[in-house]
Amino acid sequence: MLAEDPDCPGSLGIAISEAVEDAAQRKDTNYSLGSVLNHVLLHQTVIGQEAIAQMKLAGAFPDVVIGCCGGGSNFAGLAFPFVPLKAGGKNVRLVGVEPAACPTMTKGTYAYDFGDKSGMTPLLKMDTLGHDFIPSGIHAGGLRYHGMSPLVSLLHRAGVVEAVSYPQLKCFEAALRFARAEGIIVAPETSHAVCCAVDEALKAKEEGKERVILFNLSGHGHFDMASYEKYFAGELTDYEHPEEKIHEALAHLPKTEVAV
């Protein structure tokens, strides 16, 4: 990758390829895919189960459930336990928030693709920007993945969950507002969920409606202070991945034949 592009910012897809390559050379090592796969999402749903119990203690139920979305496990961990309640008639929206620089659900396609750059993983049917996709070096590093969990993708395509995307400057602005109000500095990834929660609250205010908003504060930003310094210094910029680059990466999707 560096031989082709010395300034390559890297990607999670490349990191997975590197990890698989390293594991394949060791007899005592196996590699297990995580983040986007079913067993990880199932493990994470303890978050949503606890949230439901906490909402009962508060005597409330959310109108909207929000989580930042990179590979899908963080969002699914909170939102999936609400899916059967939604199917049972509860009026609740489930919103996954992704960066505009890596718009997997909002601009990707639903197809079989590899989970890594080199094509060493099994094929997964998911919302994808193409395994060749190299996102820009935005500070929400955990959200820079070309694909989305097959389960999240399926529910997105079925209209059960929604997807929105935000530029990073708007997210940092929301993170600062949250820090000044709550005294909590959130990670750049989490700022996407905060930003969406702020928008939902302002929309409710404009409409004169009462709305219960639940979002996942998935990580603190104590190790991301350099990105906040760059924000204050005006060194961060918004980046929206060009349509032509997305189409270029999607052109390299694996050719599959599915038996009917």
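For the single chain, residues carry numbers from 1 onward in sequence order. Everything numeric in this text was worked out from a predicted model, so none of it was measured.
One finds the OG1 atom of Thr104 at 4.5 Å from the CG atom of Leu129 (value rounded to the nearest 0.5 Å). A distance of 6.5 Å separates CG of Leu169 from OH of Tyr231, quoted to the nearest 0.5 Å.
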Legend entry - Asp127 and His156: CA distance, side-chain angles, deciding distance, side-chain hydrogen bond (donor to acceptor under 3.5 Å, both in side chains) verdict: CA-CA 9 Å; Asp127 285 326; His156 172 230; 2.9 Å; yes
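Within the 4.5 Å cutoff, the side chain of Thr45 has heavy atoms near those of the Pro81 side chain. For the pair Phe215/Leu78, no side-chain contact is recorded, criterion being any heavy-atom separation below 4.5 Å from C-beta on. At least one side-chain heavy atom of Ser17 sits under 4.5 Å from a side-chain heavy atom of Met120. Ile66 is not listed as a side-chain neighbour of Phe75, based on a closest heavy-atom distance of 4.5 Å or more. A heavy-atom distance below 4.5 Å is found between the side chains of Met126 and His146. Between Phe133 and Cys102, the closest side-chain pair of non-hydrogen atoms falls below 4.5 Å. Taking 4.5 Å as the limit, some side-chain heavy atom of Met55 sits within range of a side-chain heavy atom of Pro62. Put simply, the side chain of Leu37 does not reach to within 4.5 Å of the side chain of Ser149, judged on heavy atoms.
Side-chain contact of Asn91 with Asp63: a donor-acceptor pair under 3.5 Å is absent, judged by distance alone. Side-chain polar atoms of Glu98 and Thr106 form a donor-acceptor pair below 3.5 angstrom. Under the 3.5 Å distance criterion, with hydrogens and angles disregarded, a donor-acceptor pair is assigned to the side chains of Tyr166 and Asp199.
Heavy atoms from other residues, nucleotides or ligands lying under 6.0 Å from CZ of Arg157 number more than 12. No more than 12 heavy atoms of other residues, nucleotides or ligands lie within 6.0 Å of CD1 in Ile185, so this atom counts as exposed by the packing criterion. At most 12 non-hydrogen atoms from other residues, nucleotides or ligands lie less than 6.0 angstrom from CD of Glu173.
Thr190 approaches Leu217 most closely through the heavy-atom pair CG2-CA, 3.7 Å. For the pair Gly71 and Met148, the tightest heavy-atom approach, listed with the atom from each and the gap, is O-SD, 3.4 Å. Closest of all the heavy-atom pairs between Val95 and Cys196 is CG1-SG, 4.0 Å. Residues Asp113 and Thr128 share a closest heavy-atom pair of OD2-OG1, 2.8 Å. When all heavy atoms of Leu236 and Ser227 are compared, the closest pair comes out as CD1-O, 3.7 Å.
Residues satisfying the side chain to side chain contact (heavy atoms under 4.5 Å, CB included) test with Glu229, not counting sequence neighbours, are none.
Phe172 and Tyr228 have perpendicular rings, their planes meeting at more than 60° on a 0 to 90° scale where under 30° would count as parallel.
At least one cation-pi condition fails for Lys90 and Phe82: the charged atom is not both under 6.0 angstrom from the six-membered ring centre and inside a 45 degree cone around its axis.
Formation of a donor-acceptor pair under 3.5 Å by the Asp116 side chain with backbone atoms of Gly119 is found in this model. No donor-acceptor distance shorter than 3.5 angstrom exists from the side chain of Glu189 to the backbone of Gly219, with no hydrogens or angles considered.
Each of Asn30, Asp22, Thr29 was checked for a side-chain hydrogen bond (donor to acceptor under 3.5 Å, both in side chains) with Arg26, and the lone residue meeting it is Asp22.
As a member of the Ile/Leu/Val/Met/Phe/Trp/Tyr network built from side-chain separations under 4.5 Å, Leu42 groups with nothing else and remains a singleton.
Taking 4.0 Å as the cut-off between side-chain N and carboxylate O, Arg93 and Glu200 count as a salt-bridged pair.
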